Amino acid sequence: MSELSLFALFYVYLNQNYIIMSDNKVILNYDGNSYEYPIVDSTLGDRGIDISKLRDQTGLITLDLGYKNTGATLSDITYLDGDKGELYYRGYPIEQIAEKSNFTEVMYLLLHGELPTENQFTSFDNNIKKYNFVADEMKKILDVFPRSAHPMGVLSSLTSALTAFNPKAVNVNSKEEMDHAAELMLAKFSHLCAWTYRKTQGLPINHGDNSLSYVENFYRMAFRLPNEEFVMDPVVVNALDKLLILHADHEQNCSTSTVRMVGSAHTGLFASISAGVSALWGPLHGGANQAVIEMLEMIEADGGDVNKWVEKAKNKEDNFRLMGFGHRVYKNFDPRAKIIKKAADDILNALGIQDKALDIAMQLEKVALEDDYFVSKKLYPNVDFYSGIIYRALGIPTEMFTVMFALGRLPGWISQWKEMRLHGDPIGRPRQVYQGAGVRDYVAMTNR
Ligand code: SDX
């Protein structure tokens with residue numbers, strides 16, 4: 001045994017504080033006592049130590065900034081293997097889902113746990129069409145926003161405002177009530193996303209056409225010009241459908257955890273989703289797709305020297321980061337990035353578009369993936385690295401990219417919210433390690 005191991009054993013023996021792992025439990029020896037904590041098994045991936053009795057028994061809590069090692073819940077919905085770069089919706093590989101399914105079917109799969117039969121699909125699709133009318137008064141709320149308002153701020157506000165027009169969707173307790181609220185949300189949210197876009201363009205808003213599919217209807221509501229016949233381009237519709245599928249759910253990411261946290265107080269679905277929209281807006285999360293394009297445009301304007309910017313991203317003194325690179329869980333290629341990268345090539349070729357941003361993105365990816373800084377830290381392109389290139393090719397403005405992410409993520413947010421409620425998860429209330437001032441008495445201002 002090495003000297004280090006002997007020292008470690010000696011140190012541990014002296015301190016009597018150590019953990020022993022066995023197959024189905026963890027034994028913590030602390031302060032002369034021994035405590036056992038069960039290991040919770042998984043179907044796939046991480047198993048968890050159930051520490052629900054830790055504080056009562058030891059007076060200790062755990063500390064895990066950003067919850068990098070902490071499971072917040074038990075879930076059946078999505079699983080991703082960060083080391084292998086694999087993603088599964090209800091057990092189905094994302095590659096198969098992206099190739100063979102459609103966004104409405106993915107909504108059903110995430111929400112109900114199984115792929116729908118033809119009758120189930122038709123009934124679900126018809127309900128969404130039945131509920132997709134948005135109260136005209138909502139237009140008055142949209143009207144008061146300045147045209148320059150960021151679409152994510154508008155979308156979060158409109159989403160919360162929906163509550164006022166759908167009061168029965170607030171206090172839902174049964175599965176049936178939750179499913180109804182889910183269909184209302186799925187139905188109306190795409191209109192809010194389209195309207196948000198129209199607002200930024202100064203275009204009149206419309207209520208869509210129920211003879212179309214969910215994605216076709218969104219595409220037409222968003223892009224139909226009042227003075228021209230609208231042409232439904234199947235290349236665009238297929239690209240949008242695939243992008244929305246790829247964004248549909250992703251375990252307990254920041255915005256999903258926000259939806260769960262807000263919903264854990266038994267807040268209504270619409271308000272919980274509104275909170276998720278706000279969380280997604282951040283440039284470290286869903287806002288990264290907008291930040292990637294802005295970064296690529298900046299590099300192009302700066303002369304296109306990708307090596308210079310890769311060096312900046314590596315420099316600790318420089319707060320520049322390579323947007324669209326890195327991931328909390330994926331320490332391999334994000335499988336969605338692989339699919340989107342190929343789709344970007346296909347769509348640009350189909351639409352006959354040359355996009356310098358794509359060329360720069362490919363150069364960045366090549367340089368970064370050969371650089372030890374990125375390799376050693378396992379930083380790979382994530383879902384946001386290429387998605388903006390497709391959105392731009394489809395004529396969607398940069399500020400709308402995160403709205404598109406939100407539209408895709410909506411079924412995931414709703415499904416996770418529903419699971420949290422049906423599982424009866426307790427209200428979320430983390431603890432802290434307090435390092436502030438010790439207890440002291442108030443001092444009158446004259447004595448300070
Ligand atoms: C999404 O969680 C999800 O599932 C999210 C998502 C989903 O579908 O919901 O996948 C969507 O949000 C994708 C991520 C989009 N964000 C970006 O592309 C922004 C750029 N990426 C980084 O900010 C970062 O990689 C995060 C936020 C994505 C992850 O951050 P972590 O897990 O907290 O990791 P970290 O910041 O602690 O970084 C670890 C190291 C650090 O260096 P050291 O301090 O160890 O020396 O890697 C470095 C970081 O400086 N690093 C980067 C980097 N990302 C991490 N260095 C340069 N460029 C980067 N992009």
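Nothing here was measured: the structure is a model prediction, and the numbers come from that model. Just so you know, ligand 1 is whichever comes first in the structure, and atom 1 is the first atom listed for that ligand.
- Atoms of ligand 1 found under 4.0 Å from any heavy atom of G326 (numbered from 1 in listed order, with element): 25 (O), 28 (C).
- Look at K316 and you'll find a heavy atom under 4.0 Å from some atom of ligand 1.
- Considering each of R321, Q252, K378, R328, the one bringing a non-hydrogen atom nearest atom 38 (O) of ligand 1 is R321.
- A donor-acceptor pair shorter than 3.5 Å cannot be found between the side chains of T398 and E294.
- For ligand 1, the atoms sitting less than 4.0 Å from at least one non-hydrogen atom of G324 are 17 (C), 18 (O), numbered in the order shown with element in parentheses.
- For atom 2 (O) of ligand 1, the closest non-hydrogen atom on the protein side is N253 CB, 3.4 Å.
- Remark: distances from the non-hydrogen atoms of G66 to ligand 1 are all 4.0 Å or more.
- With ring centers used as reference points, Y197 lies under 6.0 Å from F223.
- Using modelled atom types, one finds no donor on one side chain facing an acceptor on the other under 3.5 Å when comparing H423 with T73.
- Counting heavy atoms from C-beta outward, I390 and K242 have side chains that stay 4.5 Å or more apart.
- Protein heavy atom closest to atom 54 (N) of ligand 1, with residue, atom name and distance, is L379 CD2, 3.8 Å.
- Using a 4.0 Å cutoff on heavy atoms, R336 counts as a contact of ligand 1.
- Within the structure, ligand 1 has R409 among the residues with a heavy atom less than 4.0 angstrom away.
- Ligand 1 does not have E251 within reach: every non-hydrogen atom of the residue lies 4.0 Å or more from it.
- Within ligand 1, counting atoms from 1 as listed, the ones closer than 4.0 Å to a heavy atom of H327 are 2 (O), 3 (C), 4 (O), 5 (C), 6 (C), 10 (O), 13 (C), 25 (O), 28 (C).
- Within the set F325, Y373, F385, the minimum heavy-atom distance to atom 21 (N) of ligand 1 is found for F325.
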